[in-house]
Amino acid sequence: ATFLRHEKTVLEPNGPALRPLQNGYLLEVSLDGRSVLTASEHTVFLLDFLTGEQRLPPFEFPEFSPRISHVKFNPDAEKLVAIGFNGGVQVRNAATGEKLPLSLTRPESVIDADLSPDGRWVAVGSGGTAQIFDANTGSLITSPLPHSGSVWGVRFHPDGRHLATANVQPLVRLWNVAAGQFSGPVF
């Protein structure tokens, strides 16, 4: 396990500091343990976990104002999703930094987003709905999944066929992704 120290340096347990995280304030480690995403203001850095070296030039997100609020990998670290405090959502190829067609700016803040395990879909929670988009084309693949309050969390099940959403009640709802329908239960 790793953790973020106040000086924003990735540490290996019982080992030396790897390197400063470019003034980073967000941190995501890939499931395979080989890569680290960190973000500061409008920039995402993809680093090698063991060496701390940058794998690619930094990914710039100038349209995210005032800054990036979240960064996440899909499980195989093939894609990443970045969320801006301004309601922006953007998906990139993690191996090349290439922008994929999904680039949204929503009128309300996007609180959370998640990539499906296979990287095919991205779920976005904002306002009183969750929506699922094709990560490669940007097309909406379901009708909005309605909630009675703001959606604060979206997570794909490891099978990629189901989505859990949470809102402020707090209620957790389970959805069938392909059908875009509530599959229950509410808890």
Side-chain angles (χ1 to χ4, degrees), residues 1-106 109-126 132-139 153-158 160 163:
T2 62
F3 59 94
L4 191 63
R5 191 170 62 189
H6 178 70
E7 293 85 23
K8 299 177 183 142
T9 304
V10 174
L11 298 178
E12 197 170 343
N14 304 318
L18 296 177
R19 68 188 296 244
L21 284 177
Q22 309 288 333
N23 297 314
Y25 58 88
L26 298 172
L27 182 68
E28 170 84 356
V29 178
S30 62
L31 286 179
D32 65 8
R34 296 181 1 198
S35 300
V36 175
L37 286 176
T38 184
S40 62
E41 299 303 319
H42 303 104
T43 307
V44 172
F45 301 90
L46 178 62
L47 308 172
D48 182 280
F49 183 83
L50 294 178
T51 67
E53 295 301 313
Q54 284 187 8
R55 292 190 171 208
L56 295 171
F59 306 147
E60 298 294 332
F61 296 85
E63 64 277 13
F64 286 1
S65 177
R67 66 182 183 266
I68 297 167
S69 65
H70 291 78
V71 291
K72 294 181 183 177
F73 282 115
N74 70 314
D76 67 5
E78 175 185 287
K79 293 180 181 159
L80 65 93
V81 61
I83 306 165
F85 277 109
N86 67 339
V89 178
Q90 194 175 103
V91 178
R92 298 233 182 154
N93 179 313
T96 65
E98 170 192 7
K99 286 183 187 181
L100 298 178
L102 178 65
S103 187
L104 304 171
T105 302
R106 309 208 18 109
S109 292
V110 172
I111 303 298
D112 199 13
D114 195 33
L115 286 159
S116 63
D118 61 6
R120 206 168 92 191
W121 298 326
V122 61
V124 175
S126 66
I132 302 171
F133 297 87
D134 184 303
N136 295 309
T137 67
S139 300
V154 293
R155 289 295 177 276
F156 279 98
H157 185 275
L163 180 74

Minimum heavy-atom separation for [X] to [Y], with atom names?
X: N74; Y: K79; value: OD1-N, 2.8 Å
X: F49; Y: S35; value: CB-N, 4.1 Å
X: T43; Y: P58; value: CG2-CB, 3.4 Å
X: V122; Y: A113; value: CG2-CB, 4.4 Å
X: G160; Y: P117; value: CA-CD, 3.8 Å
X: A135; Y: L100; value: O-CB, 3.6 Å

Working to the nearest 0.5 angstrom, can you tell me the gap between [X] [atom1] and [Y] [atom2]?
X: L56; Y: R92; atom1: CG; atom2: CZ; result: 10.5 Å
X: S30; Y: L47; atom1: OG; atom2: CG; result: 11.0 Å
X: W121; Y: N136; atom1: CH2; atom2: CG; result: 12.0 Å
X: E78; Y: L115; atom1: CD; atom2: CG; result: 9.5 Å
X: F61; Y: I83; atom1: CZ; atom2: CD1; result: 11.0 Å

| task | Would you check if the side chain of D48 reaches a backbone N or O of E53 as a donor-acceptor pair within less than 3.5 Å? | result |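 Absent.
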| query | Is the backbone of G84 close enough, under 3.5 Å, to the side chain of H70 for a donor and an acceptor to pair up by distance? | reply |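 It does not hold such a pair.
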| query | Which one of L37, L80, D114 satisfies the side-chain contact (heavy atoms from CB on, under 4.5 Å) criterion with K72? | reply |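 Exactly one candidate clears the test, D114.
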Is the closest side-chain heavy-atom distance between [X] and [Y] below 4.5 Å?
X: V81; Y: V89; value: yes
X: F73; Y: L46; value: yes
X: R155; Y: D112; value: yes
X: F64; Y: S69; value: no

| request: Not counting sequence neighbours, which residues clear salt bridge (charged side-chain N to carboxylate O under 4.0 Å, His left out) with R120? List them please. | output: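 Checked R120 against salt bridge (charged side-chain N to carboxylate O under 4.0 Å, His left out); zero matches.
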